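Okay, so here's the structure we're looking at.
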Protein chains: 2
Amino acid sequence: MVSRRNLTILDVAHTAGVSTATVSRALNGGKISTRTLLRVDDAVRKLGYQRNTLARGLVTGKTGIVGVCVPDVLGPLYAQMARGIEDVLTPLGMQYTLLTSSRDGGREGAATRFLLEQQVDGLILIGSQLSAPELTALVGDRPAVLVQREADATPYPTLSLDNAQGAQAALEHLFENGHRRVAHIAGVRRDGRARQEAYEGVMRAAGLTPVVIASDSTESGGTLAAAALADYPEATAVFCSNDRVALGLYHALRGRGVRVPEDLSVVGFDDLPWGEYLAPPLTTVRQPGREMGRLAARLVLGEKAVTESTSVEPELVVRASVCAPRGGDPSLPA
Amino acid sequence: MVSRRNLTILDVAHTAGVSTATVSRALNGGKISTRTLLRVDDAVRKLGYQRNTLARGLVTGKTGIVGVCVPDVLGPLYAQMARGIEDVLTPLGMQYTLLTSSRDGGREGAATRFLLEQQVDGLILIGSQLSAPELTALVGDRPAVLVQREADATPYPTLSLDNAQGAQAALEHLFENGHRRVAHIAGVRRDGRARQEAYEGVMRAAGLTPVVIASDSTESGGTLAAAALADYPEATAVFCSNDRVALGLYHALRGRGVRVPEDLSVVGFDDLPWGEYLAPPLTTVRQPGREMGRLAARLVLGEKAVTESTSVEPELVVRASVCAPRGGDPSLPA
DNA sequence: GTGCTGGGTGTAAACGTTTACACTTTGCTG
DNA sequence: CAGCAAAGTGTAAACGTTTACACCCAGCAC
């Protein structure tokens, strides 16, 4: 039992006194008599036999694996998506292979190719930066779904958060609390840009002038942005492109003696797990990662999408980082 | 190019006007003339051919994949380990498959079995709860390494953080700052228990009586623990079993008007990414996840371990959640 | 007793690669 | 010019499964 050098179905067949076909049927639930089934089971257990998925996949053309490409294993949001994917895959006896795409530029293509060469049954590409032609050339007509990407020239269904709606909800919440001079700390990736555009649109529609502070999408980006924010002292609120930026901002503001929310209201985006434990608990826009994961998995398994491009709705979660601006409600556009 | 129904090496051979063996050699860098290499390359590109890893692995007996089993995709620490594993695998042209083990009890065995059936070249089991016999029966003599597990009756090398040393460092830091009445919020898993034992040992060795508050290892566990802590008002400091607990504790203390560190010093464990941005920045014991990942990967690839069981050293990172206790240094054991 | 049905089983051909071996060609040595 | 090495290529046998097909045999109707 210890020397598991190369234990095949043939060994099982031999010790059970049947043919390989019968063993295969026993393993996969084909037509078989209870008596032989038992005999095969015994042999399997006695030998400690483990099936070879490679050989199996080669002949069946199915591997039971869905490939998932995430930009970064470290993101809690991606982890939540992974969990959602798992939610639908495991009950089906399927699994997923997780790969990191954006290690350094070129990795995404390589990672995707690797998954395809592994004959995955489907591909979930999260936050893909690949161009539409690259994508189609690579993936061909295999089942794939693009998460965190708007519908584009690819034949694959896309699934994305409605960033515009999220930004709008955040800003409306701010407006309702009497804020008019709201700055935005912008992010870098697709989502970041979408949020920024939405911010600008909503501000303009309200007759206000947008103020955008560029930043990467990390905590240190948030702390850096605090300095830039000092150049815009009239601001009574900040809409952050995500929670990590908000966290960094919190930190820097504290250092500058600016109180949240009394001196400056802050809204985040994503609703990461630690947000509710901050001081003050962060008001933010919840991105339903797990649900998106579930949806993506169902889509890749062939569930018909209602439209080419599904968009899921974010939800504002109000906590304590927003209050009325100090000078009361100026009720005047900037 | 669009219909990628079943493009094999044979098709490439055909359009390049050579044999399959030659194509294979061209693909894998065997002896081949530059002229034919070019022809094959052209054909590959023209057809959009992608190799079939299944068939390849079947004959070579190697897949270039390392299987990784983590308790929970959501843990940032595991993500860091994954990154470390990636650090060593990618340069070698290898990849890893990530699976979640502890979804609900039984999953770990299934996940491990699944990886083995996929013919992974090695197995990295993080925080495995399986018993030694279960493990050996399942894994047999395939290369495997156990992370976050002390050496036990299995034939596989283990790799674990020296929790005792971490706890000791945390407590010594507290002692140096004049604390004597230090409570501990305990965690649940292997690591949690190890830290608790170390805490108790160090306290006793210092002639102090340990005070342990049971808790799960989450934020809400930390907030709950705050209430229990009220029954032990003499405590001047708390050593938390991990950062998440510390975060929850921070939150609850704030609600009770207890200031950190003036009224109560707090030390965490793990050094999660948000720790330095808290108010006050959290003093904690850094667990070098990425390095552990790297090490685990090297071990599983066959690098000889110095001993059966490697233990990596944590590092105290001092920030601002510890100061001298209010009443000055009592200099007296409890 | 003949013929049929149908459940259970075995035989053998795939699946798409790699690779040992044999073969051809070329260039060189003696 | 014979002989040989070396380089490049093709042939075919693996690898460990699944599955179409053929087969056997018991049970049963006629």
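Below, chains carry the letters A, B, ... as their sequence lines are ordered, and counting in each starts from 1. Keep in mind that this is a model prediction, so the values were computed, not measured.
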Exam field: side chain [X] to backbone [Y], donor-acceptor pair closer than 3.5 Å:
| X | Y | result |
| --- | --- | --- |
| A/Ser128 | A/Leu125 | no |
| B/Asn28 | B/Arg25 | no |
| B/Arg290 | B/Gln80 | no |
| B/Asp121 | B/Thr63 | yes |

(request) Salt-bridge test for B/Arg83 and A/Asp72: reply yes if a basic N is under 4.0 Å from a carboxylate O, no otherwise. (result) yes
Look at [X] and [N] and indicate whether a side-chain polar atom (N or O) is within less than 4.0 Å of OP1 or OP2.
| X | N | answer |
| --- | --- | --- |
| A/Asn52 | D/dC15 | no |
| B/Tyr49 | C/dT17 | yes |
| A/Asn6 | D/dC15 | no |
| A/Ser24 | D/dT18 | yes |

Can you check the [X] [atom1] to [N] [atom2] distance for me, whole Å?
| X | N | atom1 | atom2 | answer |
| --- | --- | --- | --- | --- |
| A/Leu27 | D/dT17 | CG | P | 9 Å |
| A/Asn28 | D/dT19 | CG | P | 7 Å |
| A/Leu38 | C/dT9 | CG | P | 12 Å |
| B/Gln50 | C/dT17 | CD | P | 11 Å |
| B/Leu10 | C/dA14 | CG | C1' | 14 Å |
| B/Arg51 | C/dT17 | CZ | C1' | 9 Å |
| A/Ile9 | D/dT17 | CD1 | C1' | 6 Å |
| B/Arg56 | D/dG16 | CZ | P | 17 Å |

(request) Treat primed atoms plus P, OP1 and OP2 as sugar-phosphate and everything else as base, then score nucleotides 7-12 of chain D 5' to 3': B for base contact with protein heavy atoms under 4.0 Å, S for sugar-phosphate contact only, - for none. (result) -SBBBB
(request) Look at the side chain of B/Leu58 and decide which nucleotide, out of C/dT17, D/dC15, D/dT17, has an atom nearest to it. (result) D/dC15
(message) Over all strands shown, is A/Thr60 touching base, sugar-phosphate only, or nothing at heavy-atom distances under 4.0 angstrom?
(response) sugar-phosphate
(request) List in chain and number order the residues that pass side-chain hydrogen bond (donor to acceptor under 3.5 Å, both in side chains) with A/Asp152, two or more places apart in sequence or in another chain; answer none if no residue qualifies. (result) A/Arg149, A/Thr154
(request) Verify side chain to side chain donor-acceptor pair (under 3.5 Å) between A/Glu86 and B/Thr100, making sure each step is shown before the conclusion. (result) CA-CA 9 Å; A/Glu86 213 175 286; B/Thr100 308; 2.7 Å; yes
